[in-house]
2 protein chains.
Amino acid sequence: MKYQKIPEATIRRLSRYSRCLEEMDEKGEKVVSSAQLANKCIVNPAQVRKDLAYFGEFGIRGVGYYVKDLLNNIKKILGSDKEWRMALVGVGNLGSSLLAYKDFLKQNYTIVAAFDIDPPKVIGRVSEKLGKPVEVFHINRIKDVVKERKIEIGLITTPPSEAQGVADLLVEAEVRGILNFAPAQITVPEGFVVKDVFFTTILDNLAYLLSN
Amino acid sequence: MKYQKIPEATIRRLSRYSRCLEEMDEKGEKVVSSAQLANKCIVNPAQVRKDLAYFGEFGIRGVGYYVKDLLNNIKKILGSDKEWRMALVGVGNLGSSLLAYKDFLKQNYTIVAAFDIDPPKVIGRVSEKLGKPVEVFHINRIKDVVKERKIEIGLITTPPSEAQGVADLLVEAEVRGILNFAPAQITVPEGFVVKDVFFTTILDNLAYLLSN
DNA sequence: TCAATTTTGTGACTCCTTTCACAAATTTTG
DNA sequence: CAAAATTTGTGAAAGGAGTCACAAAATTGA
Ligand SMILES: NC(=O)c1ccc[n+]([C@@H]2O[C@H](COP(=O)([O-])OP(=O)(O)OC[C@H]3O[C@@H](n4cnc5c(N)ncnc54)[C@H](O)[C@@H]3O)[C@@H](O)[C@H]2O)c1
Ligand SMILES: NC(=O)c1ccc[n+]([C@@H]2O[C@H](COP(=O)([O-])OP(=O)(O)OC[C@H]3O[C@@H](n4cnc5c(N)ncnc54)[C@H](O)[C@@H]3O)[C@@H](O)[C@H]2O)c1
C-alpha cells in the first residue's frame, strides 16, 4: 500500500465505523464482514474495504475483521486512542450544556478548564453536574492555564462577534485544534485547524431538501 | 440553464454565502463580486459563480451581484425565506440550551413545541428565557401537537437509545425533516430526511488532523 | 486432500466536483 | 464613441471519490 492523500470523507466514515464497532463489541460480537459493517453504517461494502485499505490490511480473507482488533486500529488511525484535553470558552447556554455532557466522561475527550469574560460566571464557579467538576477561569488567564493543563483543543461557545478574538487567544496559547460553535467564519494560521459546527447551515440544508 | 443534479456541497456553500451576504448587507454594502464573496467564504471564485449558475443568472457582467438581491435569491433557493416550525424532543441539557437559543428568534427557524417523557420536566413547564415561551408536552401528545402546530422539523435531543423510537414517532406524525443530535444511526422511510449533528465525529476529525 | 465457499484487497472504471480559461456582457475612461 | 477594463457565465479539462468486478487468501466440508 503506497501513500495517498486520504479523503476527508474517509475520516468521517472511520468515526462512524468506530461507533458501530463499539456497539458490536459491547454486544460481544467477535467478527464482522465488510458487508455487515457497511450495512450497519449505510455505505457500500467496497467503500468500507477501501477506506480501511488506505491504512493497512486489517482483515482476513474468507473471514472478515476481528471487531476488537479493527476498533483498536481505527482508534489509532483517528488518534482517538489517546486522551484529548479540551478547554471551553464561553460558559453561556450552550457552553454550560457541553460542560454537563456526561458522555464526554465515557470518551477520550475531556474538558479540563473553562473560560468566560463575565465575572459572575467565573468567580469560584465549577460545573457541579459532573463527577469531576470543571473550573471556570477568567479569559485573561487562558495562556497560563492552557500551558499548565496541557490543553490541545479549544471549544468556542461565545457570541459570534467574539469568536475570532477568542480564536486568536487560543492560537497564541498554541492550542492547535479549535471546534467553533459560533456562526462566524474564523481564520487561523497554517498548522492550526478549525472545524465549525453551524446549526443554521444544517437547518438550511434540511430546509432545502424539504422544499425540493 | 438546463437541469442538473445539485451537489450537496453546493447547498452547504449557499448557506455560507447567505451568512456572509447578510453581514455585508448589514454593513450597507450594495454590490459584491464573486471574487470578494469567494474571498470572504474561503472558496474559489469560479466555484461561487458555478454554484449560483445552477439556479439562474443573478449577476451583471462587469459589475457583480447586488447584495440584497442575491441574498433574497439564495434564501428562496434554500427555502430559508419561509418560517420553519420545529419541535424539540428531549428537554435535557442540550435540549434546554437549544430552547434558550436566542438567535433562533432572529432567524426563520422557530421551536414551537417541546416534548419529554419525564413528568417533572413536562408539567406546566415552559422555557422562560425566551420572549415567547415554549410549552413542554408529554411525548405521548406528539401526534396531536405536531398537527395542531403545523410542525415540519423535529430536533432529537434524547439519549441515543431513544433516538430511533422518537424518530419513528416523528415519522408517524409526518414530520418530514429531522435534525438528530443523539449519537445513533437512525433510519427513516423514503421521503423523510435526517441530518445528524455528531459532536464526536467532528472531534474525531480534529483529533485525526492534529495527530497527522 | 481438494473442491466449494467465503470474503478480503485492489486495479479499472464511472461518476461527480472543482478549477481553468475565455467569450460575452457591461461599465469606465479618454 | 471607441478602446480598455471589469466581471459574469460556462464549456472543457483536471482531479477526486465511489463502485464494480475479480484474483488472492483463508476456511469449511466431504
Ligand atoms: N444556545 C444554543 O443552543 C446554540 C445553538 C447553536 C449555536 N449557538 C452559538 O453558540 C454561541 C453561544 O451561544 P449561547 O446561547 O450559549 O450564548 P450565551 O450568550 O448564553 O453565552 C455566551 C457566553 O460567552 C461569554 N463571552 C462573551 N465574550 C467572551 C469572551 N471574549 N471571552 C470569553 N467568554 C466570553 C459570555 O459571558 C457568555 O457566558 C453563540 O455563538 C451561538 O450563536 C448556540
Ligand atoms: N449535552 C450536550 O452538550 C451534548 C453534546 C453532544 C451530544 N449530545 C447528545 O444529545 C442527547 C441529549 O443529551 P443531554 O446531555 O441533553 O442528555 P439529558 O439526559 O440531559 O437529556 C435527555 C432528555 O431526553 C428525555 N427523554 C428520554 N427519553 C425520551 C423519550 N423517549 N421521549 C422524550 N424524551 C425523552 C429525558 O427525560 C431527558 O430530559 C444525547 O443523545 C447526547 O449524546 C449532548
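Within every chain, numbering begins at 1; the chains are lettered A, B, ... in the order of the sequence lines, protein sequences first and strands thereafter. The figures here come from the full heavy-atom set of this structure, side chains too, leaving out hydrogens, waters and symmetry mates.
With sequence neighbours excluded, the residues forming a side-chain contact (heavy atoms from CB on, under 4.5 Å) with A:D81 are A:K75, A:K76, listed by chain and number. In terms of the side-chain hydrogen bond (donor to acceptor under 3.5 Å, both in side chains) criterion, B:R61 has no residue partners (sequence neighbours excluded). Scored by the side-chain hydrogen bond (donor to acceptor under 3.5 Å, both in side chains) test, A:E148 finds no partners at all (sequence neighbours excluded). Applying the side-chain hydrogen bond (donor to acceptor under 3.5 Å, both in side chains) criterion to B:R176, with sequence neighbours excluded, gives no partner residue.
Between A:F58 and A:Y65, the ring centre distance reaches or exceeds 6.0 Å.
Protein atom CZ of A:F55 is 18 Å distant from nucleotide atom P of C:dT8, rounded to whole Å. Between B:E57 atom CD and C:dA25 atom P the separation is 10 Å, expressed in whole Å. One atom, OH of A:Y66, and another, P of C:dT8, lie 12 Å apart when rounded to the nearest Å. Between the CZ atom of A:F58 and the P atom of C:dG9 there is a distance of 9 Å, given to the nearest Å. We find that CG of B:L52 is positioned 7 Å from P of D:dG9, with the value rounded to whole Å.
Checking each of B:L70, B:I77, B:L71 against B:S18 for a side-chain contact (heavy atoms from CB on, under 4.5 Å) leaves exactly one that passes, namely B:L71.
Contacts between residues 8-15 of chain B and DNA chain C, defined by a heavy-atom separation under 4.0 Å, are made by B:A9, B:R13. Proximity of residues 42-51 of chain A to DNA chain D (heavy atom under 4.0 angstrom from any strand atom) is restricted to A:N44, A:A46, A:Q47, A:R49, A:K50. Near DNA chain D, meaning a heavy atom under 4.0 Å away, there are no residues from residues 202-209 of chain B. Within residues 22-41 of chain A, no residue places a heavy atom under 4.0 Å from DNA chain D.
Identified under the salt bridge (Lys or Arg N to Asp or Glu O under 4.0 Å) test for residues 151-175 of chain B, with sequence neighbours left out: B:K82-B:E152, B:K143-B:E172. Within the structure, every pair that satisfies the salt bridge (Lys or Arg N to Asp or Glu O under 4.0 Å) test and touches residues 30-42 of chain B, not counting sequence neighbours, is listed here: B:E23-B:K40.
Side-chain atoms of B:S97 and A:N93 include no donor-acceptor pair closer than 3.5 Å. When only modelled atom types and interatomic distance are considered, B:D204 and A:Y109 share a side-chain donor-acceptor pair under 3.5 Å.
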Go through it in stages, so that I can follow the logic: the residues are A:I153 and B:L210, the test is side-chain contact (heavy atoms from CB on, under 4.5 Å), and I'd like the CA-CA distance, side-chain angles, deciding distance and then a yes or no.
CA-CA 9 Å; A:I153 293 177; B:L210 294 177; 3.8 Å; yes
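In this structure a side-chain-to-backbone donor-acceptor pair under 3.5 Å is present from A:N108 to A:S80. For B:D25 (side chain) and B:L21 (main-chain N/O), no donor-acceptor pair under 3.5 Å exists by modelled atom type. Between the side chain of A:W84 and the main chain of B:L203, no donor-acceptor pair closer than 3.5 Å is present.
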Distance-only donor-acceptor hits, side chain of residues 182-199 of chain B, under 3.5 Å, sequence neighbours excluded:
residue, atom, partner, partner atom, Å
B:Q185, OE1, A:R16, NE, 3.3
B:K195, NZ, B:E8, OE2, 2.7
B:D196, OD1, B:N180, ND2, 3.0

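Between B:D144 and B:F137 the shortest side-chain heavy-atom distance does not fall below 4.5 Å.
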Give me, pair by pair, the N or O atoms of the protein and of nucleotides 25-30 of chain D that are less than 3.5 Å apart, along with how far apart they are.
residue, atom, partner, partner atom, Å
D:dA26, O4', A:R61, O, 3.3

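Across all strands shown, D:dC1 is found opposite C:dG30 as a Watson-Crick or G-U wobble partner, with both distances under 3.5 Å.
For the OP1/OP2 pair of C:dG9 and a distance below 4.0 Å, the side-chain nitrogens and oxygens of A:Y65 include at least one atom meeting the criterion.
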